[in-house]
Amino acid sequence: MVEAHLRVQGRPLVRIGCDVDVPLIGAIAFGLIDRGTNVIQVRPISLCVLNCIFCSTDAGPKSRYRQAEYIIDLDLLVEWFKEIAKFKGDGIEAHIDTVGDPLLYNKIVDLVHELKNIREVKVVSMQSHAPTLTEKLADKLDAAGLDRLNLSIDSLDPNLAKYLQGTEWYNAKRVMEVAEYIVKNTRIDLLLAPILLPGLNDHEIPKIIEWGLKIGVGKKWPPFGIQKFIRHKYGRKPKGVRDMSWREFYNYLRQLEKKYNVKLVCTPRDFGIHYKPIIPYRFKVNERVRVKTIAPGWLKGEVLAIPLGRVCDRVITVVNASNIPLESKITVRIIANKHNIYLAEPIA
Ligand code: SF4
């Protein structure tokens, strides 16, 4: 039974491995995700302190759709990661990405260190807007073995950045200082990953490229990973953003490639990403499964559940479950299972 003693940003913080035991495969908001490549996504925490106006995961204090946040015990996370790594074999990239900001994980340095010491792991990388990153923490992450930081910085103009990050205290100049420190003083490879919001920050993208080239980002991997804005069902949709087709997006990148003589259109191969067999699926779409509800789901109306009477190493998110209390035994129908991320609905 979950006893979510802590509340953060007005929502319960579910401490997995402490308040409740939940399988670390099967959910989008926490744990481990294997999408059938050599990359394993690592999600130790779901929290974020920013409120980016384009956030695809509706993170931060102003979240409208979330009802719970998660943090995972370090030893439990590493134990589960090792099991997957053993299955996948050598040449793994552990990519700490999360639906929030991984730097908020209190044991982030230990996590990087532990992942880096796993025999099958070749690369440890992380994705963050890094509002809380300091030179001292960067040094620790470097010593722990972080190979690459994908730094999301969407504007160099401090006022526009505050607006885009939806946060008055966000300090783009400070993030730039730490980025420059990383390039000069650590072995961490820096990749700049701004999101292109046509109509809002298109004029900032060339400036970000110029700044990145000046400080020397991307020594081992491509220096930039410019992202296209995509509208998500529960994501934020900023006003004033013009929709852009994929063709227009790539044309835009190719023009900038010519102008700055730098690679901007990247493929998985540029990052050493390749196919590797996916870990076994446990449930098929349309399958009926008897489950027990064990913890609040990530979004409103959802609850987390585990299967009853069979192997219990995948968590299932049950939707349309507002009226189902925890500890209930119910039957659900699996409605999605892509990459072992399981969604189900109750059967009346
Ligand atoms: S885009 Fe990233 S940094 Fe911004 S609110 Fe969402 S999770 Fe946080």
Side-chain angles (χ1 to χ4, degrees), residues 6 8-9 13-19 24 29-33 39-50 57 59-60 69-85 92-153 169-171 174-193 215 217-221 271:
L6 294 176
V8 180
Q9 298 176 350
L13 176 67
V14 180
R15 297 171 300 177
I16 296 171
C18 178
D19 299 323
L24 298 191
F30 61 84
L32 301 162
I33 301 174
V39 176
I40 300 173
Q41 289 169 265
V42 183
R43 302 189 160 180
I45 190 165
S46 63
L47 282 164
C48 188
V49 287
L50 300 182
T57 63
E69 303 285 353
Y70 306 92
I71 185 166
I72 305 178
D73 173 76
L74 174 68
D75 293 342
L76 188 70
L77 185 56
V78 172
E79 203 179 296
W80 276 76
F81 187 97
K82 282 181 180 167
E83 281 302 307
I84 300 183
I92 297 289
E93 173 169 344
H95 183 58
I96 309 170
D97 63 350
T98 84
V99 294
D101 182 356
L103 288 171
L104 299 182
Y105 189 50
N106 56 341
K107 297 204 174 151
I108 190 66
V109 175
D110 298 320
L111 176 61
V112 169
H113 177 73
E114 293 283 342
L115 291 171
K116 189 69 184 184
N117 281 328
I118 294 172
R119 198 185 61 79
E120 293 86 357
V121 172
K122 190 171 164 202
V123 172
V124 179
S125 58
M126 190 189 297
Q127 173 83 43
S128 176
H129 268 85
T132 58
L133 187 57
T134 60
E135 288 83 355
K136 202 169 160 190
L137 180 54
D139 281 339
K140 286 184 184 170
L141 291 167
D142 180 28
L146 183 66
D147 293 289
R148 191 181 72 245
L149 175 64
N150 297 359
L151 176 68
S152 304
I153 182 158
W169 57 261
Y170 176 80
N171 185 343
R174 180 71 190 121
V175 174
M176 290 169 71
E177 271 172 24
V178 179
E180 292 181 23
Y181 177 87
I182 289 173
V183 174
K184 274 195 204 135
N185 300 288
T186 74
R187 289 157 296 181
I188 302 170
D189 209 44
L190 199 68
L191 174 145
L192 299 181
I215 66 173
V217 295
K219 295 198 171 75
K220 273 198 226 157
W221 287 279
F271 292 91

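The analysis underlying the following values was restricted to heavy atoms, covering all of them including side chains, and did not include hydrogens, waters or symmetry mates. Throughout, residue positions are numbered sequentially from 1 according to the sequence presented.
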Handout entry: Name of the residue among N106, I16, L77 meeting side-chain contact (heavy atoms from CB on, under 4.5 Å) with I71
Key =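 Output: one option passes, namely N106.
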Completion exercise
Exactly one candidate in V124, V112, I182, L149 meets side-chain contact (heavy atoms from CB on, under 4.5 Å) with L141; the answer is V112
Problem - Candidate pair I45 and E69, rule side chain to side chain contact (heavy atoms under 4.5 Å, CB included), full reasoning - result: CA-CA 8 Å; I45 190 165; E69 303 285 353; over 6 Å; no
Completion exercise
So salt bridge (Lys or Arg N to Asp or Glu O under 4.0 Å) across residues 120-137, not counting sequence neighbours, yields E135-R174
Practice task
Would you mind reporting whether L13 and D19 have side-chain heavy atoms less than 4.5 Å apart?
Solution key: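 Heavy-atom side-chain distance check fails, nothing below 4.5 Å.
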Exercise: identify the closest heavy-atom pair between [X] and [Y]:
X: P102; Y: I108; result: O-CD1, 3.5 Å
X: I118; Y: A85; result: CG2-CB, 4.2 Å
X: S46; Y: Y70; result: OG-N, 2.9 Å
X: G17; Y: L76; result: CA-CD2, 3.8 Å
X: L103; Y: T132; result: CB-OG1, 4.1 Å
X: K116; Y: A144; result: CB-O, 3.8 Å

Practice task
For S128, enumerate each residue passing the side-chain hydrogen bond (donor to acceptor under 3.5 Å, both in side chains) test, keeping only those at least two apart in sequence or located in another chain.
Solution key: D101
Exercise for the section: Apply side chain to side chain contact (heavy atoms under 4.5 Å, CB included) to the pair V42 and Y105, showing each step before the final yes or no. Expected result: CA-CA 12 Å; V42 183; Y105 189 50; over 6 Å; no
Kindly compute the distance separating [atom1] ([X]) from [atom2] ([Y]), expressed to the nearest 0.5 Å.
X: I40; Y: F81; atom1: CD1; atom2: CZ; answer: 4.0 Å
X: L24; Y: E83; atom1: CG; atom2: CD; answer: 11.5 Å
X: D147; Y: L115; atom1: CG; atom2: CG; answer: 11.0 Å
X: M176; Y: N171; atom1: CE; atom2: CG; answer: 10.5 Å

Exercise for the section: Take atom NZ of K140 as the centre, draw a 6.0 Å sphere, and report whether it contains more than 12 heavy atoms from other residues, nucleotides or ligands. Expected result: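 No.
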Run the side chain to side chain contact (heavy atoms under 4.5 Å, CB included) test against [X] and tell me which residues pass, sequence neighbours left out.
X: D139; value: Y181, T186
X: D110; value: L74, K107
X: V217; value: V183, L190, L192, I215, P223, F224
X: D97; value: Q41, R43, H95, Q127

Exercise for the section: Let me see the working for F271 and N150 under side chain to side chain contact (heavy atoms under 4.5 Å, CB included), right down to the final yes or no. Expected result: CA-CA 12 Å; F271 292 91; N150 297 359; 5.6 Å; no
Exercise for the section: Any chance you could lay out the salt bridge (Lys or Arg N to Asp or Glu O under 4.0 Å) test for D142 and R187, step after step, and finish with the verdict? Expected result: CA-CA 6 Å; D142 180 28; R187 289 157 296 181; 3.2 Å; yes
Problem - Main-chain N/O of K219 paired to D189 side chain as donor or acceptor, under 3.5 Å - result: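 Checking the backbone N and O of K219 against the side chain of D189, a donor-acceptor pair under 3.5 Å is found.
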Exercise for the section: Go through the steps for L47 and T98 under the test side chain to side chain contact (heavy atoms under 4.5 Å, CB included), then give the verdict. Expected result: CA-CA 9 Å; L47 282 164; T98 84; over 6 Å; no
